[in-house]
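Here is the structure we will look at, set down as structure tokens.
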Amino acid sequence: MTDGALSVEDSFDKHIFILLGPPGAGKGTVASRLVPLMEAEHLSTGDLLRSAALDRESSLGRQVASLMSRGELVPDQTMTSILGHALRRLSAEKILLDGFPRTTVQARMLEEELAGINGRVGAAMLLEVGDQTLVERISGRLVCGTCDKVYHKVTLPPSQQGICDQCGSDLKRRSDDEPATIRNRLALYREKTAPLIDWYESRGQLVRVDGEGVVEQIVARAWQALRSDKSFAGPGGANG
Ligand code: AMP
């Protein structure tokens, strides 16, 4: 019965939404603007790892820093344990995951983790972006060394060149945005992460979003796609 099915769905404590897409697709930028609309919390594994990598005293910090600087993936087991801790710390009912899962092993581990905290994956949103746009976005990307706010030289410039609007620190290129590292990250995306598109599609959980154009347009499309999806219960949502 429909009512019965809905009440089971509503009984979950955590609803996870996933942002999928290649490096440079704009996942972080879209996520940070989407979470207030969704009334969700943003969980970026890239941000978690960048913080972990600052601790050169710990072996985890050194391992993560070395893998990231080469554009390699952090091992699935390590990632899942980092993600599991982070998920349990967040109090929000809805979480927008950015950068996880990146392999089908991680997707399976996420399901197991969610079973333990009465959570479920709602939808996986794929930001679809052509190769030319990826190269342009990555080559112009700048980040704040202090607060991690992301800019783009052309499409999202700071008010004052080279200075963060939010905290006034210097902006720099991300160390893994160098051309050789980017080639490796794109190759890994195609080999390890792209299979997740079929994985979520076959479960009826994939939502495709055109990721070309300016940030406002992309966010508006993503929000429209998400709130009309059956999985989304919340402000303005199909199931709210
Ligand atoms: P991102 O900020 O999402 O582009 O991630 C930056 C880097 O962090 C990636 O190139 C990987 O080295 C690492 N990373 C982030 N998330 C994951 C993940 N789920 N699995 C493995 N490595 C990850």
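Note that the numbering runs from 1 along the sequence shown for the chain. Just so you know, ligand 1 is whichever comes first in the structure, and atom 1 is the first atom listed for that ligand.
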For this session: May I ask you to check whether T29 and R33 show a side-chain donor-acceptor distance below 3.5 Å?
Result: no
When distances are taken from atom 7 (C) of ligand 1, the protein heavy atom at minimum range is M68 CE, 3.6 Å
Open item on the list: Is it the case that over 12 heavy atoms from other parts of the model lie below 6.0 angstrom from the NZ atom of K192?
Closed with: no
the protein heavy atom lying closest to atom 10 (O) of ligand 1 turns out to be R185 NE, 3.6 Å
A student checking ligand 1 against T45 at a 4.0 Å heavy-atom cut-off should list atoms 15 (C), 16 (N), 17 (C), 19 (N)
Donor-acceptor check, side chain of K172 to backbone of G145, threshold 3.5 angstrom: yes or no? no
| Is there a side-chain contact between R221 and Q217, using heavy atoms and a 4.5 Å cut-off? | yes
| message | Between T181 (side chain only) and D177 (backbone N and O only), is there a donor and an acceptor less than 3.5 Å apart? | response | no
Short version for D176: what comes under 4.0 Å of ligand 1, heavy atoms counted, is side chain
for atom 20 (N) of ligand 1, nearest protein heavy atom and its distance come out as Q106 NE2, 2.9 Å
May I have the list of side-chain donor-acceptor pairs in residues 71-78 shorter than 3.5 Å, sequence neighbours left out?
residue : atom : partner : partner atom : Å
E72     : OE2  : N184    : ND2          : 3.2
D76     : OD1  : T103    : OG1          : 3.1
D76     : OD1  : Q106    : NE2          : 2.9

Would R185 and D176 count as a salt bridge (charged side-chain N to carboxylate O under 4.0 Å, His left out) if you check the C-alpha gap in whole Å, the side-chain angles of each, and the deciding distance to 0.1 Å? CA-CA 9 Å; R185 290 169 64 204; D176 57 349; 3.7 Å; yes
closest protein heavy atom to atom 12 (O) of ligand 1 is E72 O, 2.6 Å
Within the 4.0 Å heavy-atom cut-off, what L49 brings close to ligand 1 is side chain
Looking only at protein heavy atoms, what sits closest to atom 22 (N) of ligand 1 is V74 N, 3.0 Å
At under 4.0 Å between heavy atoms, what of R70 touches ligand 1? The answer is neither
Looking only at atom types and distance, does a side-chain atom of K14 sit under 3.5 Å from a main-chain N or O of I117, one as donor and one as acceptor?
no
message: For the 3.5 Å polar cut-off, considering only N or O atoms, please tell me whether D47 and ligand 1 meet it.
response: no
of all protein heavy atoms, closest to atom 1 (P) of ligand 1 is R102 NH2, 3.5 Å
message: Tell me whether ligand 1 is touched by R50 - counting only heavy atoms on the residue side and a distance under 4.0 Å.
response: yes
